[in-house]
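Just so it is clear, the model here is predicted, and its values are computed rather than measured.
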Amino acid sequence: MAKTIVFKFGGASVKDAESIKNLAEILRNRLRNSTLLVISAMGKTTNALEKLLQFRLDNLDISSNYTILKNFHLEICQALFPSGHPVFSRVKNLFVQLSHELEKPISPENYDEAYDRIICFGELISSRIVAEYLCEIGLIVVWQDARELIKTDSNFRFANVDWEKTRKKSKKMLEPVLEKFPVITQGFIGSDSGGKTTTLGREGSDFSAAILASCLDARSVTIWKDVPGVLNADPKLFPESVLFDELDYLQAAQMTFYGATVIHPKTIKPLANRKIPLFVKSFLKPDESGTKIHDTGAPNLLPTIILKQNQILVTFRVTDFTFLNESHIHVIYQQLDELKLQVNLLQTTAMGVSLVLDDQLFKLEKLILALKGSFTIRYNDGLELLTVLNPQLADLNLFTKDREVLLEQSSRHAFQIVRR
């Protein structure tokens, strides 16, 4: 069997009917047997589903938002398919299933599990529409539910992959089909041992592509984006950004660790372990080379700017004038682990520790409630965490000018500030 090629298409590449037609044109001369397509939810569908979930949590009426989301997908179908095509009944059936899930009780206690049950419909609907359209124009593909392939634990919203089970499932279910047809599946979703839907973390479709590529010993993975490749800064925020022609696995992993959003943080490791190159290319200019991430053995020293928004700065101060020690930090990290909160920046002083965290629903309140007996706790929200990698060649004053800086940390490799 020829080595599999994995293509991952994100939400922006399938945001409307014209985008799906463009995707088909990209595939027209690239689609072969042994090609695996990983598809994200359309446009801002995940945000819309999260809003429905929030409305249900707040006991608000969801009918208008639900109808808008349903009509959005059906209008895309109307632009792509003749009336009476089976895709309409299939999409409507998926929305009926979504409606049933939304009717189930949702509370802070079961929020994460409910989140995964509901949010997965974005990928399921999107991949079904794309698969039907490709078949309609003669590019025959086989649709596959990713939940049958990617097996995880029950850590809802941040599921951990069971690599042994996933490898066995992928080889058994995908390899025989890929010998005859390309296969299309979903990013972001999996299932636990009881068959319950899980998700791999927000924007996790890149990781899905890497998981399946690793399990199939793929030849390469290509992520199709609305940018020309990996740049040294977000071009929407920093117009003077520069494209990397190539990056070493290690440098790319460091960029994602600090918050670069062009690639999901967990994507690099499974590919690097098996020496599978990752290409990041533009679906707007598909013939351009983009960025190749592979084992170059040398870092690119161009300064890289990474901005994380919606950050919270939380400071824990010991209450009895003792110095901060390892046991204090252990207590804090134990709660962070239970709440599935990742620390983006840590700074210690003699009597306290400051952490920078993503703003996540309910999580800060639970963290404070659990630790307020042991620490005096203060926090600021609505902040930005800015990181400059390879800061020696950058004008750092540009990032602090006219800004309130609440925390600063620097080393030879990275300069970081929390700013308002």
Side-chain angles (χ1 to χ4, degrees), residues 8 158 160-161 200-211 213-214 220-223 225 227-238 240-281 290-311 333 336 341-347 355-358 384-396 398-399 407-419:
K8 180 262 174 176
F158 303 94
N160 298 298
V161 177
L200 305 175
R202 197 69 156 82
E203 310 293 343
S205 293
D206 294 351
F207 186 34
S208 296
I211 292 166
S214 174
S220 67
V221 175
T222 301
I223 296 175
K225 307 281 291 186
V227 291
V230 180
L231 296 102
N232 75 324
D234 185 339
K236 299 183 180 73
L237 302 172
F238 303 95
E240 303 301 318
S241 57
V242 178
L243 176 71
F244 290 106
D245 294 326
E246 63 176 358
L247 281 171
D248 185 75
Y249 288 124
L250 178 60
Q251 187 172 3
Q254 289 172 335
M255 290 170 62
T256 63
F257 171 81
Y258 285 108
T261 57
V262 69
I263 307 167
H264 187 274
K266 293 183 179 180
T267 304
I268 302 298
K269 184 177 184 296
L271 300 180
N273 286 347
R274 294 190 175 273
K275 304 298 183 187
I276 300 170
L278 171 64
F279 296 90
V280 181
K281 301 185 67 172
T291 302
K292 181 180 182 180
I293 299 171
H294 60 129
D295 191 5
T296 69
N300 187 315
L301 297 180
L302 185 70
T304 302
I305 305 161
I306 301 160
L307 185 68
K308 287 179 70 72
Q309 298 174 316
N310 300 318
Q311 300 293 291
Y333 263 83
L336 292 170
L341 282 167
Q342 176 183 310
V343 176
N344 298 325
L345 180 63
L346 178 148
Q347 190 173 91
L355 307 174
V356 180
L357 311 168
D358 293 334
E384 295 178 342
L385 171 61
L386 184 135
T387 302
V388 182
L389 303 179
N390 302 319
Q392 297 86 350
L393 301 178
D395 183 358
L396 300 179
L398 294 174
F399 308 116
L407 186 149
E408 179 177 322
Q409 192 165 279
S410 62
S411 68
R412 287 178 296 171
H413 306 294
F415 168 80
Q416 295 183 281
I417 57 170
V418 179
R419 68 184 194 181

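Asn273 contributes atom CG, which lies 11.0 Å from atom CD1 of Ile268 (distance to the nearest 0.5 angstrom). Taken to the nearest 0.5 Å, the CD atom of Gln347 stands 4.0 Å off from the CG atom of Leu407. One finds the NZ atom of Lys292 at 10.5 Å from the OG1 atom of Thr222 (value rounded to the nearest 0.5 Å). Put simply, CD on Gln254 and OH on Tyr249 are 15.5 Å apart, with the number rounded to the nearest 0.5 Å. Note that CD of Glu246 is 10.5 Å distant from CG of Asp295, once rounded to the nearest 0.5 Å.
Between Glu384 and Arg419, at least one side-chain N (NZ, or NE/NH1/NH2) sits under 4.0 Å from a carboxylate O, which counts as a salt bridge.
Residues Lys8 and Asp206 meet the side-chain proximity criterion, which asks for heavy atoms closer than 4.5 Å. Between Met255 and Val230 the shortest side-chain heavy-atom distance falls below 4.5 Å. Side-chain contact between Ile263 and Ile293 is present, with at least one heavy-atom pair separated by less than 4.5 Å.
Classified by interplanar angle (parallel below 30°, tilted 30° to 60°, perpendicular above 60°), the ring pair Phe238/Phe399 is perpendicular.
By the salt bridge (charged side-chain N to carboxylate O under 4.0 Å, His left out) test, Asp248 is found to be paired with no residue, residues two or more places apart in sequence or in another chain being considered.
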Distance-only criterion, 3.5 Å: show the donor-acceptor pairs between side-chain atoms of residues 385-396 and protein atoms not counting sequence neighbours.
| unit_1 | atom_1 | unit_2 | atom_2 | d |
| --- | --- | --- | --- | --- |
| Thr387 | OG1 | Gln416 | NE2 | 3.0 |
| Asn390 | ND2 | Asn300 | O | 3.3 |
| Asn390 | ND2 | Leu302 | O | 3.3 |
| Gln392 | NE2 | Arg412 | O | 2.5 |
| Asp395 | OD1 | Asn397 | N | 3.3 |

Exercise for the section: May I have the step-by-step check of side chain to side chain contact (heavy atoms under 4.5 Å, CB included) for Val227 and Val262, ending in yes or no? Expected result: CA-CA 9 Å; Val227 291; Val262 69; 4.2 Å; yes
